[in-house]
Amino acid sequence: MANIVQSTDLTKRRRGLSRRLPTRGPSNIILGIIAIVWLVPTVSLLVISLRPEADFGVSGWWKALLAPSSLTFSNYRVLFDQGFVAGGLLDSLMTSIEITVPATLLVVLFACFAGHSLVFGRWRGRDVVFLIVVGLMVVPVQVALIPVVQFYHELGNLFGLNPYGTIPGVIIFHVAFGLPFGIFLMRNFMSGIPKDLLEAARMEGAGEWKVFYRIVLPLALPALASLAIFQFIWVWNDLLVALVFLGGNAHTPLTVFLYDQNHELQANYWIISTGAIVSVIVPLIVFFSFQRYFVRGVLAGAVK
Amino acid sequence: MASVVLRNLTKQYSGNNAPSLDMLNLEIADGEFVCLVGPSGCGKTTALRMIAGLEDVTSGEIEIGGRIVNDLPSRDRDIALVFQSYALYPHLTVADNMSFGLKLRKVPKAEIEQAVQSAAKILDLVDLLKRKPAQLSGGQRQRVALGRALVRDPAVFLMDEPLSNLDAKLRVQTRAEIAQLHHRLQATMLYVTHDQVEAMTMADRIAVINLGVLEQYGTPRDLYNFPNNQFVAGFIGSPSMNFVSMRINRDVERVHLTGMSADSNIKVTLTDEQSDILRKSDGSDIVVGVRPEHLIEGSIDHAGFSAVAKVEVIEFLGNDEHIHATSDETDLVAILNAHSSVARGDSITLSAPLDTVHFFDPTSGLRLS
């Protein structure tokens, strides 16, 4: 008990010290300015989405801040009232979710399995396999687009199952290209888990599966959460893969929906701004719900 | 509870020339507390991990409770291992750490609760059950690691240097607690340590291992009084035994031993019987061992060891002093009463009675009786 009291005293003292440090004020101001500059485009997008369509092009968006009463949700209402028609905002939102959620879950799942096997498995050539996986990380997506499309068509010719133009086709591509980084991240994180913990669990009667989900998985949660966020945002924001692989499909993700609003001579800014705000909300929800898993020092107290 | 028998247990890692463990034979009786002791890298932990089922057996047999377990996975061997690092599950509370194994075995909840409570009571962990390992001190973590083994009520407890991460004071305290625990449970325990004091204080029997080979297996008293060879003699006891290479002097009426130099300050006088034995033996040299605690200041009138030595360092320990002295360029350590008036630079005579002097073969290192 005496020890505990002493240690809290110490942290208090340390906190007091850092409060007196002179460097903190200016750095906070600089960081604040950077944050504001960073936020300006997003705020402008939000304001534009809340202005009546007619106002656009008449005055700058910041003018709306002087007359907040002119702001309206009419843009949102119009787009939402369309309902789930193919090519509409809500339909695109659903399509985005249909692509992103499985593509994220599958990558997280496979990366966890692979990481566990690469770190704790007892098979030869683990390091070689890992090096190959790391090597795959440098393959640019663009290089693989045409070959994969051809491969999909070939599958169609051989088995009558052509993933091209379908949502599973896009998901497969995202999973394949998300996995190298996912495996890299999970393997490196899991290699920090002391092997003693697994041996202890095995001795207590846990089979490999129980070791995985009772010990390794809970301890890998921080890495898992970061991987989920990375992969989710990467897939959510993807335009290229969806454009190439969904060619001709009536259901398109939000990115393609927004892209389609750019016409040759004029763009539907009211739809783009409104759709962009809608498309930002989902990743934000994902980020904040996974954020609580970013715990420092999950392994504290395990050994020594 | 069960006995453990190791027969010709050998571990050979690929890429190593010498086996890490070479033909280890050991019998541990039911309820016995046995320490495997030896310097770092001697193979003692390897032996323990093989018994635990964490390392494959290259050759030989492991028998636990009358059944050969070589090919049984760890979980079916009915053993519990306390890791040197404790290996507590950091995401689980103390109670969950302790009940982990029982839950896996689908033991009824009430039984688990009772086992955890009684182990917590024994180890004084009742107030800590809801904490996570990160919120515990080193000693408390160590007790949780013990508790995790305890709740399983295994046939054999295996412990891999469980005290090495504790500070000196806590180590002494926990040492006593483990000894007490053993007494209370009457369980078979196999304990690995590099610290001979731990082994001497806790074990019923000690197995001394060096370079993968079992040097001696016996009670602490046997090992101390009758070490098989020079390695065991030097390893058991603290400070370790003094060794002096000496020449057998057969040219006189009664054989005696002198230091290697011509005008040596070290001498061992022998009994008539020993003199006769040595007269008939071959070889000109012999290694003499004397424990620091058997050396006294001043000469003795009966047969024994004596050396005139110059005091180099005096370590004051309260009740005693450790005297580091040199004689014929050989270092000697003696434990003398702190009231002695020895000072640095003094020339003193250190002697020991013959029944406390050990003799070893200079080439094989084996004890000569």
**OP:** Give the member of Pro194(A), Gly207(A), Ala206(A) that has the highest number of heavy-atom pairs under 4.5 Å with chain B.
**Re:** Ala206(A)

Subject >> Neighbour count above 12 (heavy atom, 6.0 Å) for Glu27(B) CD >> reply: no

**OP:** Decide yes or no for Met203(A) and Arg77(B): does some side-chain heavy atom of the first lie under 4.5 Å from some side-chain heavy atom of the second?
**Re:** no

Original post:
To the nearest 0.5 Å, what is the distance between NZ (Lys195(A)) and OG (Ser85(B))?
Top reply: 12.5 Å

Subject >> Interatomic spacing from CZ in Arg202(A) to CZ in Arg75(B) - rounded to 0.5 Å >> reply: 10.0 Å

Original post:
CH2 of Trp38(A): more than 12 outside heavy atoms within 6.0 angstrom?
Top reply: no

Original post:
Can you tell me if CG on Asp56(B) sees more than 12 non-hydrogen neighbours from other groups inside 6.0 Å?
Top reply: no

Original post:
So how far is it from Leu221(A) CG to His91(B) NE2, rounded to the nearest 0.5 Å?
Top reply: 9.0 Å

Original post:
Would one find more than 12 heavy atoms of other residues, nucleotides or ligands at under 6.0 Å from atom CD of Glu208(A)?
Top reply: yes

Subject >> Short side-chain to backbone donor-acceptor contact, Tyr89(B) and Arg214(A), under 3.5 Å >> reply: no

Subject >> Note, Leu92(B) side chain near Pro218(A) side chain (heavy atom, < 4.5 Å) >> reply: no

Subject >> Contacting region of Leu166(B) [heavy-atom separation from chain A under 4.5 Å] >> reply: neither

Subject >> From OG (Ser74(B)) to CD (Glu204(A)), nearest 0.5 Å >> reply: 11.0 Å

Subject >> Minimum heavy-atom distance Leu197(A)-Leu88(B), with the two atoms named >> reply: CD2-O, 2.9 Å

Original post:
Minimum heavy-atom separation for Gly205(A) to Leu104(B), with atom names?
Top reply: C-CD1, 3.8 Å

Original post:
Which answer fits Leu136(B), side chain, backbone, both or neither, if we ask what part of it has an atom under 4.5 Å from a heavy atom of chain A?
Top reply: neither

